Amino acid sequence: MIAAVLAGGSGRRFGGDKLLFRIDGRPLALHTIERLKKADSITKVVIVASPENADKLKAFGHVVVDELLVGPIGGVYTALSLGDAFVVAGDMPLLVPEFVDFIVERFKTAKKPACVPRWGNGYLEPLHAAYSSEFREFLEEKIKAGHYAINRAIMESDACYIEIESLPEEWRESFFNVNTRKDLGRIRGTRERVL
Ligand SMILES: Nc1nc2c(ncn2[C@@H]2O[C@H](COP(=O)(O)OP(=O)(O)OP(=O)(O)O)[C@@H](O)[C@H]2O)c(=O)[nH]1
Ligand SMILES: [Mg+2]
């Protein structure tokens, strides 16, 4: 299955280009991409970039341009033009490859428009989920109607959910994403250097 790395955000909270920010000598996006490549179920990684940052990200892999820039929903929509995809945010350097494989496996057996991890309180993890290319049309309708909340689109579809609390606790760090500079301190081994 293809993995799509969403990389079209503005990094407003981080201040500056967070996906190119170096952690242990390598850009944040590359940490995410390398983790994804370790998943057996992932055959190819593509980067869904904004027109503005596409050139800069080319060095890390095949880039597809998101012309919509309406938030993650537009990134998923763009990714699905390539077929079914496992979609993650580019700012997830602690992805757990076994967890990715687990979700892809569920997705393949469930035959649903999407397979999305869900917390006990109902909170979804849509940027760490598998989507069917057939879901694209549904997303298009939502985008055209100006409804940009991907969680809502998922909940209105016949998605399959993966209950996070029933899975190994170590897998939860897979959801960790860098939003602020302070978050960098949470990446083991980098605390002293970056703070
Ligand atoms: N392709 C695409 N990716 C997006 C879009 N919006 C956000 N992303 C990506 O989705 C991931 C999660 O988004 P955020 O954590 O909010 O990142 P961000 O938008 O860069 O940062 P903030 O401006 O601080 O919200 C990041 O990897 C972003 O690059 C979009 O409109 N298109
Ligand atoms: Mg984030």
Side-chain angles (χ1 to χ4, degrees), residues 2-23 26-37 42 44-83 85-96 99-100 103 114 116-117 119 123-131 133 135-136 139-140 142-154 164 172-187 190 194:
I2 289 174
V5 177
L6 299 197
S10 56
R12 194 181 33 82
R13 283 168 291 172
F14 189 83
D17 206 338
K18 72 174 170 181
L19 296 177
L20 295 178
F21 188 88
R22 286 180 182 266
I23 298 165
R26 282 172 306 136
L28 172 56
L30 205 50
H31 284 267
T32 306
I33 291 166
E34 284 173 1
R35 289 273 182 137
L36 271 174
K37 285 183 175 165
I42 300 304
K44 185 180 162 86
V45 177
V46 299
I47 301 160
V48 185
S50 63
E52 194 189 40
N53 68 11
D55 265 353
K56 290 184 236 162
L57 293 165
K58 257 192 220 152
F60 309 143
H62 184 74
V63 170
V64 182
V65 176
D66 174 359
E67 305 282 357
L68 301 174
L69 294 186
V70 291
I73 194 169
V76 175
Y77 172 80
T78 304
L80 296 181
S81 65
L82 304 168
F86 183 80
V87 178
V88 295
D91 60 2
M92 294 178 133
L94 302 180
L95 280 174
V96 176
F99 189 12
V100 174
I103 297 170
V116 185
W119 293 93
Y123 186 87
L124 302 180
E125 295 284 358
L127 297 188
H128 190 292
Y131 297 90
S133 59
F135 192 49
R136 190 168 193 258
L139 290 182
E140 185 170 339
K142 295 288 162 202
I143 293 168
K144 278 190 177 151
H147 298 151
Y148 301 138
I150 188 151
N151 287 33
R152 192 171 148 196
I154 292 166
I164 296 162
R172 292 181 195 179
E173 76 172 13
S174 203
F175 300 125
F176 169 73
N177 60 102
V178 176
N179 292 315
T180 63
R181 290 190 185 242
K182 216 169 153 194
D183 289 333
L184 293 169
R186 286 179 52 193
I187 305 172
T190 64
V194 297

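Counting starts at 1 for both ligands and their atoms, following the listed order. It should be emphasised that the depicted structure is a prediction, and the values quoted were computed from it without experimental measurement. Every heavy atom of this structure was used, including side-chain atoms; hydrogens, water molecules and symmetry mates were not. The chain is numbered in sequence order, starting from 1.
Of the candidates A79, G9, P72, G90, G9 brings a heavy atom nearest to atom 19 (O) of ligand 1. Of the listed residues (V70, D66, V178), the one carrying the non-hydrogen atom nearest atom 32 (N) of ligand 1 is D66. With atom 30 (C) of ligand 1 as the reference point, the heavy atom nearest to it among P126, A49, G15, G71 is part of G71. In this structure, of G8, G75, A29, S10, the residue bringing a heavy atom nearest to atom 3 (N) of ligand 1 is G8.
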Intermediate values then yes/no, side chain to side chain contact (heavy atoms under 4.5 Å, CB included), L6 and V88:
CA-CA 6 Å; L6 299 197; V88 295; over 6 Å; no
Apply salt bridge (Lys or Arg N to Asp or Glu O under 4.0 Å) to E140 and R136, showing your working.
CA-CA 6 Å; E140 185 170 339; R136 190 168 193 258; 5.0 Å; no
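Coordination check, M92 versus the Mg ion (ligand 2): failed, since every N/O/S atom of the residue sits at 2.8 Å or beyond.
Nearest protein heavy-atom neighbour of atom 15 (O) of ligand 1: N179 OD1, 2.9 Å. Distance from atom 16 (O) of ligand 1 to its nearest protein heavy atom, with residue and atom name: R13 NH2, 3.0 Å. Atom 23 (O) of ligand 1 has R12 N, 2.8 Å as its closest protein atom, hydrogens excluded (heavy atom only). At the top of the distance list for atom 20 (O) of ligand 1, counting protein heavy atoms only, stands G11 N, 2.8 Å. Among all protein heavy atoms, the one lying closest to atom 27 (O) of ligand 1 is L6 O, 2.8 Å. Residue, atom and distance of the protein heavy atom nearest to atom 11 (C) of ligand 1 are A89 CB, 3.5 Å.
Judged by distance alone, with hydrogens and angles left aside, the side-chain atoms of S174 form no donor-acceptor pair with the main-chain N or O of L95 at under 3.5 Å. Panel note: side chain N53, backbone K56; no donor-acceptor pair is recorded below 3.5 Å. Panel note: side chain Y131, backbone P126; a donor-acceptor pair is recorded below 3.5 Å.
Note: Y123 and F175 fail the aromatic proximity criterion, with ring centroids not under 6.0 Å apart.
Proximity of G74 to ligand 1 is not established, as no heavy-atom distance is less than 4.0 Å. Using a 4.0 angstrom heavy-atom cutoff, K18 counts as in contact with ligand 1.
Between the CD1 atom in I2 and the NE2 atom in H62 there is a gap of 8.5 Å [rounded to 0.5 Å]. Note: H31 NE2 to L36 CG = 13.5 Å, rounded to the nearest 0.5 Å.
In the vicinity of D91, heavy-atom distances shorter than 4.0 Å reach the ligand 1 atoms 15 (O), 27 (O).
None of D91, T180, N177, D183 except one satisfies the side-chain hydrogen bond (donor to acceptor under 3.5 Å, both in side chains) rule with K18; the exception is D91.
Within 4.0 Å of atom 13 (O) of ligand 1, not a single protein heavy atom is present.
By the 3.5 Å distance cut-off applied to N or O atoms, L69 is not counted among the residues near ligand 1.
Looking only at N/O/S atoms, D91 comes nearest to the Mg ion (ligand 2) through OD2.
Ring geometry for H128 against F86 counts as perpendicular: the plane angle is over 60°, on a 0 to 90° scale with 30° as the lower cut.
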